[in-house]
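Accompanying notes for the structure given below.
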There are 2 protein chains.
Amino acid sequence: MHKDKFKHVFHFINQFVDFEQKELDAMLHVVEFIQLKRNEIFIHEGEIADKIAFTNRGYLRVYYHHNGEEITRDITPLHSFATALPSFVSEKPSFEIISAITDCELIIIKKTDLENLYQSFPKWERLGRRIIEEMFVESQRRIYSFITETAETRYNRLLRQYPDMIRQVPLKYIADFLGIKLQSLSRLRKNIKS
Amino acid sequence: MHKDKFKHVFHFINQFVDFEQKELDAMLHVVEFIQLKRNEIFIHEGEIADKIAFTNRGYLRVYYHHNGEEITRDITPLHSFATALPSFVSEKPSFEIISAITDCELIIIKKTDLENLYQSFPKWERLGRRIIEEMFVESQRRIYSFITETAETRYNRLLRQYPDMIRQVPLKYIADFLGIKLQSLSRLRKNIKS
DNA sequence: ATAACCATTTAACATTTGTTAAATAATGAA
DNA sequence: TTCATTATTTAACAAATGTTAAATGGTTAT
């Protein structure tokens, strides 16, 4: 039932681990679908992040408050996992906020259910490790790009890698993601066009 | 025997998981100690990273070649794990190089041995996941600091957090780590003193 | 349709960081 | 020690990005 709703998440996890049906079923019994409208919040500031989301549709952003301003650290690509990890792993209130940039459909799993999966099926723990490893590698790539590239190069890379994201996500979030101000991004876009 | 040689690594892993003696023994049988002189290389460019190191003593750096220059992306804190993760997880040749900034003592475990530990003892897989999670969180903190902080603030933070590192690591590596040029770091150090 | 709001651009000027080139300081090898 | 090498600093100028303020464009709610 509704197997197509799991198409993307199955495709994602199959990159890492081959599951038996019973292992998949265990997951299917504990996940939940939710819809978020644009600007709705998935993880609130001060809340303990006790769940993780897979973005079946739409874009989330991870941000926090800094001198009264919102700083967007991350925009989730389509079909990937997101949570406020510092809170999720430490079980302390989250300083990070996660909200929907566009209307979203999320597949949610609670931390307690995830830990049960980890306990019951070593392969799920393996998947958890593999996914985090990939996210870590991507995070390091981004650090390289902050060290070696200009903002313009970072923008062009984003444009190539996630053309759809640039179309759907307001530039102020893109600018934060690139580590520059909105006005600087605008200037740099003008230079690219000409 | 030589239990004190494992003091730091035990302290590190005890933060995450409580092991039984047999689980620890399994690890003790497969690890190896090596000494590196300053500038000796732990992972070469083009090599497949098939091992991971815990820095029992000394500082490693992770760098890669970019337009003929060495770009240092990371300096390992004391008593932490390091490998060229993209190569380690993909088993492809490493573009990252890891070498010793100072004389180092490393505790090494081969990837195959680590995977055997993962297979044999779910708690080891759990530890692997937990450690990566922490590294990922730290990596995200660093991205925040690239987005919101000036180079001077990043330098001051490093100074507070790892005063010993600043003393032992040449400034050119620190500058790369902060994402600025050596001369800019020097200028900024002058401003701080006055 | 209109008004209010949000997104994006533009521009002038300020600040930070990069670039180039050199001088000085510190370190290690012969 | 002395020489050679590496590390660090300095300075003048260039380039990139930030800041402030405003104009323009687009979207949404009523």
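Reckoned from all heavy atoms, side chains included, excluding hydrogens, waters and symmetry mates. All chains are named by letter (A, B, ...) in the order of the sequence lines, taking the proteins before the strands, and each is independently numbered beginning at 1.
Ranking D/dA11, D/dT9, C/dT17 by closeness to the B/L171 side chain, first place goes to D/dT9. Comparing atom distances between the A/I180 side chain and each of C/dG18, C/dT9, D/dT17 picks out D/dT17 as nearest. The A/K181 side chain lies nearest to D/dT19 when the options are D/dT19, C/dG18, C/dA7. Of the candidates D/dT8, C/dA11, D/dT17, C/dA11 carries the atom nearest the A/K190 side chain, counting heavy atoms from C-beta on. Of the candidates D/dT8, C/dA12, C/dT9, the closest approach to any side-chain atom of B/R189 belongs to D/dT8. With distances taken from any side-chain atom of B/Q183 to the nucleotides D/dT8, C/dT20, C/dT17, the minimum falls on C/dT20. Side-chain atoms of B/R38 lie closest to C/dG28 of the nucleotides C/dG28, C/dT8, C/dT10. Minimum atom distance to the side chain of B/T150 is reached by C/dT17, of the listed C/dA7, C/dT17, C/dA12. Taking only side-chain atoms of B/L182, from C-beta outward, the nucleotide of C/dT17, C/dA11, D/dT9 with the closest atom is D/dT9.
Separating the CG atom of B/N39 from the P atom of C/dG28 is a distance of 11 Å, rounded to the nearest angstrom. Between the CD1 atom of B/I101 and the P atom of D/dT6 there is a distance of 17 Å, rounded to whole Å. Rounded to whole Å, the distance from CD1 on B/I192 to P on C/dT17 is 11 Å. Rounded to whole angstrom, the span from the CD1 atom of B/I174 across to the P atom of C/dT17 amounts to 17 Å. Distance CG (B/L178) to C1' (C/dT16): 14 Å, rounded to an integer number of Å. A/N191 has its CG atom 13 Å from the P atom of D/dA15, to the nearest Å. Rounded to an integer number of Å, the gap from A/D103 CG to D/dT27 P is 16 Å. As rounded to whole Å, 20 Å separates atom P of C/dT24 from atom CZ of B/R187.
For the pair B/S186 and D/dT9, the criterion of a side-chain N or O lying under 4.0 Å from OP1 or OP2 is met.
Of the two residues contacting DNA chain C, namely B/E149 and A/K172, the nearest-nucleotide position lying further toward the 5' end is that of A/K172. Both A/Y173 and A/I147 sit near DNA chain C, but only A/Y173 has its closest nucleotide nearer the 5' end. The nearest heavy atom of DNA chain D to B/L185 and to A/E152 marks one nucleotide each, and the one closer to the 5' end goes with B/L185.
Other residues, nucleotides and ligands place no more than 12 heavy atoms under 6.0 Å from the CG atom of A/D18.
A salt bridge does not link B/D176 with B/R73: every distance from a Lys NZ or Arg NE/NH1/NH2 to an Asp or Glu carboxylate oxygen is 4.0 Å or more. A salt bridge is defined here as a Lys NZ or Arg NE, NH1 or NH2 lying under 4.0 Å from an Asp or Glu carboxylate O, and B/K123 with B/E20 meets this definition.
Taking the six-membered ring where tryptophan is involved, the planes of B/F10 and B/F6 are essentially parallel, since the angle between them stays under 30° and well short of 60°. Using cut-offs of 30° and 60° for the angle between ring planes, the B/F136 and A/F136 rings count as perpendicular.
No hydrogens or angles considered: a donor-acceptor pair under 3.5 Å links the side chains of B/D164 and B/Y59.
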